[in-house]
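Start at 1 and go down the list; that is how both ligands and their atoms are numbered. These numbers come from a predicted model, not from an experiment.
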Amino acid sequence: MNAAVDTVPLSPRVKSFIGQPHKVLIDGRWQSARDEETFEVFNPATEEVIAHVADCKQPDVDLAVAAARKAFDSGPWPNMSPSQRGRILWKIGDLILENLEELAQLESLDNGKPISVARAADVPLAADLFHYMAGWATKIEGNTLALSVPYTPGAEYHAYTRREPIGVVAQIIPWNFPLLMAAWKLGPVLTAGCTVVLKPAEETPLSALRLAQLCLDAGLPPGVLNVITGFGESCGAPLAAHPHVNKVAFTGSTEVGKLIVKAAAHDLKKVTLELGGKSPNIVLDDADLDVAIPGASSAIFFNHGQCCCAGSRLFVQERRYERVLEGVSDAAKKIRLGPGLDPATQMGPLVSKVQFERVTGFLKSGKEEGARTVVGGGRHGNAGYFVQPTVLDGTQENMRVYQEEIFGPVVTVTPFKDVDDDLIRRANDTVYGLAAGVWSSDMKRAHRIANKLRAGTVWINCYNIFDASMPFGGYKQSGWGREMGHEVLNNYLETKAICAAI
Ligand code: NAI
Ligand code: MG
């Protein structure tokens, strides 16, 4: 950064946590990688190394899966009463809240996100997920069934279903909401009574390691949760392919999602995937622009655009096009960029050099293909991975910036004439189907459009509203299955039908 900035002083606990050698949690014990190797973790605002973590590979994966297997097959977790499990989950939520400031600082330092956002959203939402799931632990139920078997006339049966934990689950998560993605995955898997090996992203491993300790402190028995740090190919891939894993739950790129499916194919593991998006955000001419303009702006710029559901394709009805384009561009210009740990920061750096290069590469390709950059368009400052909030006009349907997930603060704005089939076609014209937005004062119109959008979440007159009770996931290549809500429990449960002749 160019200017001097005031950053939040790191709490002594964060300092001591950052300073310690980072081990991984396997079978209730903190251990180094078998080969003792480590890799560096960076502060994306300064490009400085802040920590070293264990570089786990196949032998560590084997140990972690064996620990989870043992905990599932003969450990206390699946045999504990649902009420006992629920109380541990609730306690994890409580401990997250008790450590809110520490976790928010860690998240901001590691990922680059504004501390104000981590405090208000990431950490409380993570806690809430555990609290919500804790209530479900005692409410996982089967059915009793009335049979009419044609070839056993007169026979009577007592038939029922049980919902049973699927077994050992591998969970692989990304770097955009490191703690929250860990919570989205761990809350339901533990509620279902499974055991788990979690691999956080190599860019942002710190908060998951801290969360693992909080889970132990809450009373989670050894081996139920194992957290290993490592790279995608050398750690994630052997984990996804491991023969003793029953299920893989992945959040990340669509490209790696396809690799996970391939890795799971040889023994037909169950798989759920939460992948990319290129979400349409539609502003009708009757929308309240005082709400729609800041809403459309935050739909794309929240978390620096590093959201799978970012409203990255903004469609505006012609009559309001100029005003919305100008309004969103003004909002983009006013966003205050800075290190996440500065409380005044509204947008931090992108997470890594790789992501910085990916996003600036898209900006270059947009220019080459003839899009007009209204604001932004390049790097901000000369240190750290900061990218200017960018608004593109004049994009065509075949341009990469219009088709592909950029995962940065870049929005394309396009006009439409009428609310007709062609608008719906354009909104749905993407391989993804994760989220969408509609802005209108006419609820009838808004709901009719919402029904036609091929997306797992549609927000009307709001955007990026998340709640533990609301299922989230994708149509088309945005994924398989849903996170959150009670629906997510299906990801981690098998149904067993039991039929007794009586
Ligand atoms: P990625 O999909 O490579 O990484 C996500 C996780 O998958 C990380 O934990 C990584 O270690 C792991 N992984 C990578 N390769 C793997 C493999 N072969 N087997 C098993 N695990 C593997 O995503 P990346 O490279 O960080 O970002 C690339 C693009 O993906 C972004 O620009 C964005 O478009 C998209 N993305 C989408 C996310 C979402 O929330 N849906 C989150 C992160 C990235
Ligand atoms: Mg990758």
Separation between CZ of F302 and CE of M347, rounded to the nearest 0.5 Å: 10.5 Å

Just verifying a value: how many Å separate R210 CZ and L95 CG, rounded to the nearest 0.5 Å?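 Separation between the atoms: 9.0 Å.
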
Give the residue, atom name and distance (to 0.1 Å) of the protein heavy atom nearest [atom].
{"atom": "atom 35 (C) of ligand 1", "value": "E405 OE1, 3.4 Å"}
{"atom": "atom 41 (N) of ligand 1", "value": "L275 O, 2.9 Å"}
{"atom": "atom 12 (C) of ligand 1", "value": "I172 CG2, 3.6 Å"}
{"atom": "atom 20 (C) of ligand 1", "value": "G236 C, 3.2 Å"}
{"atom": "atom 39 (C) of ligand 1", "value": "C308 CB, 3.6 Å"}
{"atom": "atom 1 (P) of ligand 1", "value": "S253 OG, 3.6 Å"}
{"atom": "atom 14 (C) of ligand 1", "value": "G232 CA, 3.4 Å"}
{"atom": "atom 26 (O) of ligand 1", "value": "W175 NE1, 2.6 Å"}

Of the side chain and backbone of [X], name the one, both, or neither that has a heavy atom under 4.0 Å from an atom of ligand 1.
{"X": "Q355", "answer": "side chain"}
{"X": "R358", "answer": "side chain"}
{"X": "I173", "answer": "backbone"}
{"X": "A240", "answer": "neither"}
{"X": "L239", "answer": "neither"}

Number the atoms of ligand 1 from 1 as they appear, then name those within less than 4.0 Å of a heavy atom of [X], with their elements.
{"X": "E274", "value": "41 (N)"}
{"X": "P174", "value": "42 (C), 43 (C)"}
{"X": "A237", "value": "19 (N), 20 (C)"}
{"X": "L259", "value": "18 (N)"}
{"X": "K199", "value": "9 (O), 10 (C), 11 (O)"}
{"X": "I260", "value": "20 (C)"}
{"X": "F250", "value": "2 (O), 6 (C), 7 (O)"}

Short N/O distance, under 3.5 Å, between [X] and ligand 1?
{"X": "E202", "result": "yes"}
{"X": "T251", "result": "no"}
{"X": "G252", "result": "yes"}

In terms of side-chain geometry, is the basic nitrogen of [X] or [Y] positioned less than 4.0 Å from the acidic oxygen of its partner?
{"X": "E397", "Y": "R426", "value": "yes"}
{"X": "E37", "Y": "K57", "value": "yes"}
{"X": "R400", "Y": "E369", "value": "no"}

Check whether the ring centres of W184 and F130 lie less than 6.0 Å apart, and answer yes or no.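 For W184 and F130, the ring centres are not under 6.0 Å apart.
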
Is the Lys NZ or Arg CZ of R379 less than 6.0 Å from the centre of F386's six-membered ring, within 45° of the axis?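 No cation-pi geometry.
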
Going by atom types only, do N281 and W459 share a side-chain donor-acceptor pair under 3.5 Å?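 Result is no, nothing qualifies.
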
Verify the distance criterion only: is there a donor paired with an acceptor across the side chains of R69 and N246 at less than 3.5 Å?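 There is such a pair between these side chains.
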
Begin from the C-alpha positions of N99 and R13 and carry the test side chain to side chain donor-acceptor pair (under 3.5 Å) through to its verdict. CA-CA 10 Å; N99 291 277; R13 278 208 302 216; 3.0 Å; yes

Please table the atom pairs, donor to acceptor, closer than 3.5 Å between any side-chain atom in residues 168-180 and protein atoms at least two apart or in another chain.
from: Q171; atom 1: NE2; to: K185; atom 2: O; distance (Å): 3.0
from: Q171; atom 1: NE2; to: Y492; atom 2: OH; distance (Å): 3.0
from: N176; atom 1: ND2; to: Q306; atom 2: O; distance (Å): 3.1

Mark whether atom 4 (O) of ligand 1 lies under 4.0 angstrom from at least one protein heavy atom. no

side-chain contact (heavy atoms from CB on, under 4.5 Å), paired with V227, selected from L211, L209, V24: L209

Sequence-distant partners of H244, ring pair (Phe, Tyr, Trp, His ring centres under 6.0 Å), two or more places apart: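 If we apply the ring pair (Phe, Tyr, Trp, His ring centres under 6.0 Å) test to H244, skipping adjacent residues, the hits are H242.
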
If only atom types and distance count, is the side chain of N226 paired as donor or acceptor with the main-chain N or O of V196 below 3.5 Å?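 Looks like yes, one N/O pair under 3.5 Å.
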
